[in-house]
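Positions are given from 1 along the sequence. Ligands are counted one by one from 1 in listed order, and the atoms in each one are counted from 1 as well.
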Amino acid sequence: MKIKFIGHSCFLIEEGKYSLLFDPFITGNPIAAVKASEVNPTHVLVTHYHGDHKGDALDIAKRTGAVIYSTNEIGVEFKKSHDNVVAGHIGGKAKTDFGSVKFFQAFHGSGIEGGHACGFVVDLMGKKVYHAGDTGLTKDMELLERENIHVALLPIGDFYTMGPEDALEAVKMIKPKYVIPMHYNTFPLLNQDPEAFKQAVEKETRSKVTILKPGESVDL
Ligand code: NI
Ligand code: MN
């Protein structure tokens with residue numbers, strides 16, 4: 001699968017005819033590598049309703065006809081202006097043409113009354129991607145080991161989410177093959193050294209860390 005980092009927590013992951021866009025905070029994102037009008041996903045996945053995750057989700061989905069995945073209360077909000085919404089909930093899994101989308105708990109505000117933030121475990125043609133969304137470190141991440149995660153996208157920015165030390169502990173629990181850090185260096189408050197994170201993870205675990213600058217892609 002081809003994984004493109006657009007910036008912050010926004011990734012475009014492509015496999016065959018499918019292109020999955022995660023947390024499309026593009027407009028107003030100081031490090032975004034593309035314009036919202038330049039991405040043409042088949043699926044848009046939104047971990048929660050904070051502006052730096054919901055971002056351009058609705059505009060992009062309306063323009064492309066992409067289906068939006070999110071948790072229930074957030075999905076209800078999207079449904080007010082977009083018909084193609086799959087609103088599952090924590091612990092549940094939605095079957096899709098490419099595999100499945102599972103809603104995993106994230107310990108974070110949802111940004112909407114009564115709602116829940118989530119992470120996603122996506123089975124994309126047999127390879128599993130975990131996009132953690134915004135979350136603190138939780139012991140629940142041990143549950144992800146049994147998912148055989150191929151690539152884990154983990155926040156390391158600290159302050160609002162896990163920082164690098166806690167993200168290292170998350171890697172030890174999840175045991176993914178690859179890790180890509182996210183949610184750092186977007187704003188001064190989130191400044192982190194991804195190289196130091198990579199060194200720590202690769203010293204203490206068997207996972208490999210791929211650092212992507214906004215606009216860069218990797219095939220994993
Ligand atoms: Ni947030
Ligand atoms: Mn955030």
Side-chain angles (χ1 to χ4, degrees), residues 3-13 20-34 36 39 41 44-61 68-78 87-90 101 103-122 129-138 140-141 144 151-171 174 179-194 197 211-215:
I3 302 175
K4 179 173 184 172
F5 183 47
I6 290 177
H8 201 54
S9 296
C10 182
F11 290 85
L12 186 68
I13 302 187
L20 281 55
L21 182 67
F22 292 79
D23 282 357
F25 170 43
I26 299 173
T27 303
N29 176 349
I31 63 168
V34 299
V39 287
V44 179
L45 297 92
V46 179
T47 61
H48 64 295
Y49 212 69
H50 287 158
D52 62 319
H53 296 264
K54 167 186 68 136
D56 301 291
L58 205 47
D59 286 346
I60 292 169
I68 299 177
Y69 285 77
S70 197
T71 52
N72 185 262
E73 286 76 9
I74 294 168
V76 167
E77 194 61 32
F78 284 134
H89 226 313
I90 305 297
V101 173
F103 302 84
F104 190 76
Q105 49 267 49
F107 204 18
H108 189 77
S110 68
I112 200 165
E113 199 174 331
H116 287 79
C118 73
F120 292 107
V121 175
V122 174
V129 176
Y130 169 52
H131 187 298
D134 279 358
T135 186
L137 179 66
T138 73
D140 286 359
M141 290 172 182
L144 293 168
V151 187
L153 312 173
L154 302 178
I156 65 161
D158 217 339
F159 197 79
Y160 297 113
T161 68
M162 297 189 285
E165 298 86 2
D166 281 357
L168 168 61
E169 296 307 309
V171 174
I174 301 164
V179 177
I180 301 177
M182 63 179 184
H183 210 272
Y184 68 96
N185 294 0
T186 316
F187 313 107
L189 187 60
L190 304 182
N191 279 357
Q192 296 294 340
D193 177 2
F197 172 70
I211 297 168
L212 295 177
K213 294 195 180 81

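Side chains of Val179 and Ile156 form no contact here, defined as non-hydrogen atoms less than 4.5 Å apart. Inter-residue side-chain proximity for Tyr49 and Glu73 is flagged as unmet; no heavy-atom pair is nearer than 4.5 Å. Side-chain contact between Thr47 and His108: absent, with no pair of heavy atoms (C-beta onward) separated by less than 4.5 Å.
By the ring-ring contact (aromatic ring centres under 6.0 Å, His included) test, Tyr160 pairs with no residue at all, sequence neighbours left out.
Of the N and O atoms on the side chains of His8 and Asp23, not one donor lies less than 3.5 Å from an acceptor on the other residue.
Among the backbone and side-chain atoms of His48, no N/O/S atom is found under 2.8 Å from the Mn ion (ligand 2).
Partner of Phe120 under the ring-ring contact (aromatic ring centres under 6.0 Å, His included) criterion, out of Phe103, Phe104, Tyr69, Phe11: Phe103 alone.
Here the Mn ion (ligand 2) is the vertex; the OD2 atom in Asp134 and the OD2 atom in Asp52 give an angle of 160° (to 10°). Rounded to the nearest 10 degrees, the angle NE2 (His183) to the Mn ion (ligand 2) to NE2 (His53) equals 100°.
Checked against the 6.0 Å centroid criterion, the rings of His183 and His53 qualify as a close aromatic pair.
With waters neither drawn nor counted, the protein N/O/S atoms under 2.8 Å from the Ni ion (ligand 1) amount to 4.
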